[in-house]
Visitor: 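Structure incoming, see below.
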Amino acid sequence: MDDRTMHQLNVVWEGPLYHASSLATINREHGWNLLRSGVIRLVMIPSSASEAGQMLSPKLELLRQADVRTAEPELVPAPVVWVRHQWPPAGERPRGATWIIMQPWEMSLLPQEFVDIFNSADEVWTPSTFCRRVFIDSGVHAEKVQVIPNGVDPSVFTPAGEIPDLPTTKQFKFLYVGGTTYRKGFDLLLEAYVRAFTAADDVCLVVKDCGTRTYYRGQTAEELIAKVRATPNAPEILYTDADLSDEQMAQLYRACDVFVAPYRGEGFCMPALEAMACGLPVVLTEGGGTDDFADETVGWLLPAERRSLGSVVDGRQFPGEVFLLEPDVGVLVETLQYCVAQPQECRQKGIAASLRARTEWTWNRSTLKVLERLDQRFGTTTAEQVQHVLSDQDDTMVLFARAEHAHAHGAIDDAIEYYHRCFERKDLPARFMVLALGRMAAFCLLEEEYDLCRRYIDKAEEFSPGHPDIRYIRSVYFAAREQWHESLNELTAIMNDWHRATLESFTVTLDRLLCDSARALFNLGFPDDARQLYEKALELNPNNPDACYGAALCFKGIGNVVKAKTMLEWAIRLRPEYAGTLQLDSSV
């Protein structure tokens with residue numbers, strides 16, 4: 001049988017294909033999925049005759065079969081859909097086809113000429129809720145505008161994989177990916193970075209510039225970066241504008257710690273989603289295209305004001321006053337400093353970010369939305385037929401992230417099941433295996449299964465001898481057995497190598513170490529020394545309920561009931577479970 005009889009629709013997809021750009025990536029990913037779906041006859045029309053065809057993705061080899069310049073794909077007797085995804089949008093209607101324009105936008109309104117073009121199309125696809133609102137506010141008919149989100153390929157963008165050594169001795173690395181332009185807020189990031197840090201700080205800003213020789217030519221900040229780098233005592237900056245493959249980009253993400261994009265205008269920001277998939281938390285402007293997929297559970301959002309650009313921008317007339325966002329640079333400074341001070345929280349948010357990006361925001365899910373939309377329009381059943389082809393399977397990193405999510409939400413049985421599934425697969429990277437084994441050891445302590453707890457600890461030690469998270473769970477094990485000297489020795493060893501803890505730990509914070517050390521000292525008969533450590537812990541984290549409660553115990557132990565009562569009330573406000581756990585007698 002001619003396989004063309006299986007094709008329910010013809011899709012002609014026009015736009016950049018071989019470029020290193022977000023538009024080309026989107027075209028490649030949807031083209032790849034549509035071609036392998038088997039239910040669509042696909043024709044790809046690269047929008048520029050000058051596209052050199054460099055292999056930024058191995059998927060391009062298959063897509064050459066649908067490229068009109070390298071093959072002769074034939075249409076089948078079925079409706080024709082013409083998707084045009086390029087810049088700038090072209091207003092020429094394709095003959096004999098349903099015309100769909102796919103377009104992001106970054107400002108609060110569209111130019112009037114674009115509104116007219118979009119209203120002449122049969123449908124308009126845009127990647128975010130923000131963009132849809134902008135289109136409708138600009139005058140595009142609401143029934144035409146559909147959200148087709150962008151995505152990531154979880155087989156490429158993952159926390160597991162090669163991590164290259166970058167040419168820096170600095171340990172904490174912020175990453176910026178995108179054109180270093182005004183709209184993307186790179187000047188704001190540079191200002192905040194030099195305000196937050198100096199050359200003495202163990203921090204580096206890695207800048208991956210884009211489009212310096214093409215679509216952002218003349219708009220990027222190479223000269224500004226060079227000026228900052230030449231300034232005495234300036235914090236370190238690494239810069240590249242090289243075109244990187246998808247695999248190389250994934251490696252770059254994994255080599256860094258936090259992704260930052262304080263944009264003034266973004267329709268989606270694919271690098272942010274790719275960074276999340278690779279395990280990085282994100283620092284993003286609130287109120288733009290990233291609101292659909294980013295919140296405080298996966299990073300930090302920067303408050304922003306609206307700034308007017310007038311009704312004529314770059315010679316284009318708009319249907320009203322146009323606004324960009326202006327994120328708060330002061331908050332950005334504080335956020336950058338907070339990230340460096342709290343690397344453990346960054347790693348935990350990074351795990352949550354990877355789970356969200358790699359399960360809810362994949363290209364498979366995005367292409368299924370494309371097919372569902374076409375099915376609604378033409379009465380076809382393409383999405384139903386390709387569910388098995390475009391389904392995402394949980395790899396080991398997804399299982400691990402699900403385990404961490406379950407653990408964070410108190411679903412211990414679910415967490416244990418996911419961790420065991422990770423162990424069975426035997427391909428969890430060592431840095432995550434140590435955390436998983438440590439979690440299992442902690443679960444055993446809750447059930448007083450001390451022998452099994454020690455076995456998990458010993459197994460984790462094989463993966464990373466002396467790892468701070470394993471030392472910490474061993475200290476908790478000793479405390480549970482009331483072996484206070486041994487517990488204190490482990491805690492002291494972590495603090496003596498605190499630099500390693502900041503580099504590797506997912507769980508250990510300095511205020512927690514001080515609290516646990518204070519608890520050991522208290523049980524060894526040194527309440528005043530314990531009180532001093534609890535107070536130091538509260539200096540680091542005034543909202544630590546364990547430090548408040550421990551200080552109350554110490555004050556009670558030395559007969560200061562008034563201060564003990566104050567600290568206990570504070571502890572109960574922070575953690576109501578402490579109510580009724582400590583009786584204070586004013587006659588003491």
Visitor: Contact between Leu399 and Arg425 at the side-chain level, heavy atoms closer than 4.5 Å - yes or no?
Guide: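 Leu399 vs Arg425: side chains touch.
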Visitor: Can you give me the closest heavy-atom contact between Cys256 and Val206, atom names plus distance?
Guide: SG-CG2, 4.0 Å
Visitor: For the side chain of Asp469 and the backbone of Ser505, is there at least one donor-acceptor N/O pair under 3.5 Å apart?
Guide: no
Visitor: Does the side chain of Tyr456 come within less than 4.5 Å of Cys453's, by heavy atoms?
Guide: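 A side-chain contact under 4.5 Å is absent here.
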Visitor: Contact between Asp414 and His407 at the side-chain level, heavy atoms closer than 4.5 Å - yes or no?
Guide: no
Visitor: With distance as the sole test, does Arg264 use its side chain to make a donor-acceptor pair with the main-chain N or O of Tyr182 at under 3.5 Å?
Guide: yes
Visitor: May I ask you to check if Lys349 and Trp300 form a cation-pi contact, with NZ or CZ under 6.0 angstrom from the six-membered ring centre and within 45° of the axis?
Guide: yes
Visitor: Name all residues meeting the side chain to side chain contact (heavy atoms under 4.5 Å, CB included) criterion together with Ala250; count only those two or more places apart in sequence or in a different chain, and write none if there are none.
Guide: Val156, Phe157, Arg254, Cys278
Visitor: Between Asp153 and Lys59, is the closest basic N to carboxylate O distance under 4.0 Å?
Guide: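 Looking at Asp153 together with Lys59, the answer is yes, because their closest N to O distance falls below 4.0 Å.
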Visitor: Begin from the C-alpha positions of Met495 and Leu510 and carry the test side chain to side chain contact (heavy atoms under 4.5 Å, CB included) through to its verdict.
Guide: CA-CA 8 Å; Met495 286 190 279; Leu510 190 53; 4.3 Å; yes
Visitor: Could I get the full list of side chain to side chain contact (heavy atoms under 4.5 Å, CB included) partners for Pro235, not counting sequence neighbours?
Guide: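 Partners of Pro235 under the side chain to side chain contact (heavy atoms under 4.5 Å, CB included) test: Tyr193, Val194, Phe197.
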Visitor: Are any side-chain N or O atoms of Lys184 and backbone N or O atoms of Glu266, one a donor and one an acceptor, separated by less than 3.5 Å?
Guide: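 Checking the backbone N and O of Glu266 against the side chain of Lys184, no donor-acceptor pair under 3.5 Å is found.
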Visitor: Are any of the side-chain heavy atoms of Glu247 and Pro58 separated by less than 4.5 Å?
Guide: yes
Visitor: So which atom in Leu17 and which in Leu60 form the shortest heavy-atom distance, rounded to 0.1 Å?
Guide: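 Closest approach of Leu17 to Leu60: O-CD2, 3.7 Å.
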Visitor: Out of Leu301, Val258, Val331, which residue meets the side chain to side chain contact (heavy atoms under 4.5 Å, CB included) rule with Val283?
Guide: Val258
Visitor: Within the distance-only criterion (no hydrogens, no angle test), does the side chain of Ser391 pair as donor or acceptor with the backbone N or O of His388 below 3.5 angstrom?
Guide: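 The answer is yes, because a donor-acceptor pair under 3.5 Å joins these two groups.
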Visitor: State whether the side chain of Arg431 and the backbone N or O of Glu504 hold a donor-acceptor pair below 3.5 Å, judged by distance alone.
Guide: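 Not confirmed, Arg431 side chain does not pair with Glu504 backbone.
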Visitor: More than 12 heavy atoms of other residues, nucleotides or ligands under 6.0 Å from CD of Glu384: yes or no?
Guide: no
Visitor: If you draw a 6.0 Å radius around CD in Glu305, do more than 12 non-hydrogen atoms from other residues or ligands fall strictly inside?
Guide: no
Visitor: Tell me which one of Asp395, Asp392, Asp394 satisfies side chain to side chain donor-acceptor pair (under 3.5 Å) with Arg358.
Guide: Asp395
Visitor: Do Arg183 and Tyr263 make a side-chain contact, defined as non-hydrogen atoms from C-beta onward lying under 4.5 Å apart?
Guide: no
Visitor: Before giving the answer on side-chain hydrogen bond (donor to acceptor under 3.5 Å, both in side chains), spell out for Glu236 and Thr168 the whole-Å C-alpha distance, their side-chain angles and the decisive distance to 0.1 Å.
Guide: CA-CA 9 Å; Glu236 185 174 67; Thr168 176; 2.3 Å; yes
Visitor: Tell me, please, whether Phe293 has Arg356 positioned over its six-membered ring: NZ or CZ under 6.0 Å from the ring centre and within 45 degrees of its axis?
Guide: no
Visitor: Assess whether atom CD of Glu447 is packed by more than 12 heavy atoms of other residues, nucleotides or ligands within 6.0 Å.
Guide: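 Count not over threshold, so no.
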Visitor: So, for Arg500 and Ser464, which heavy atoms are closest and what is the spacing to 0.1 Å?
Guide: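 Result for this residue pair: NH2-OG, 3.3 Å.
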Visitor: Closest approach of Leu23 and Pro104, non-hydrogen atoms and distance?
Guide: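 Shortest heavy-atom separation between Leu23 and Pro104 comes out as CD2-CD, 4.5 Å.
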Visitor: Are the side chain of Ser128 and the backbone N or O of Gly267 linked by a donor-acceptor pair below 3.5 Å?
Guide: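 Such a contact is found between Ser128 side chain and Gly267 backbone.
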Visitor: Would you say Asn150 and Ser366 make side-chain contact, with heavy atoms under 4.5 Å?
Guide: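 With C-beta onward as the side chain, the pair stays apart.
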Visitor: Say whether, by atom type as modelled, one donor and one acceptor occur between the side chain of Asp202 and the main chain of Gln171 under 3.5 angstrom.
Guide: yes
Visitor: Determine the minimum heavy-atom distance between Thr507 and Leu435, stating which atoms define it.
Guide: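 Here Thr507 and Leu435 meet closest at CG2-CD1, 3.8 Å.
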Visitor: Is there side-chain contact between Leu190 and Leu205, with heavy atoms separated by less than 4.5 Å?
Guide: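 A side-chain contact exists here, since the closest heavy-atom pair is under 4.5 Å.
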Visitor: Examine distances only and state if a side-chain atom of Gln146 and a backbone atom of Thr126 form a donor-acceptor pair shorter than 3.5 Å.
Guide: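 Checked: no pair found.
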Visitor: Looking only at heavy atoms, which two atoms of Leu280 and Ala353 are closest? And how far apart?
Guide: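 Of all heavy-atom pairs spanning Leu280 and Ala353, the closest is O-CB, 3.7 Å.
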Visitor: For Thr198, does its backbone N or O pair with a side-chain atom of Asp201 as donor and acceptor, under 3.5 Å?
Guide: yes
Visitor: Does Asp546 pair with Arg512 as a salt bridge, N-O distance under 4.0 Å?
Guide: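 Arg512 and Asp546: not salt-bridged.
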Visitor: Can you check side-chain hydrogen bond (donor to acceptor under 3.5 Å, both in side chains) on Tyr239 and Asp209, steps first, answer last?
Guide: CA-CA 7 Å; Tyr239 176 86; Asp209 209 343; 2.7 Å; yes
Visitor: Does NZ in Lys170 sit with more than 12 non-hydrogen atoms of other residues, nucleotides or ligands closer than 6.0 Å?
Guide: yes
Visitor: Can you tell if the side chain of Trp125 reaches within under 4.5 Å of the side chain of Val83, non-hydrogen atoms only?
Guide: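 A side-chain contact exists here, since the closest heavy-atom pair is under 4.5 Å.
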Visitor: Check this for me: does any side-chain nitrogen of one of Glu372 and Lys369 sit under 4.0 Å from a carboxylate oxygen of the other?
Guide: no
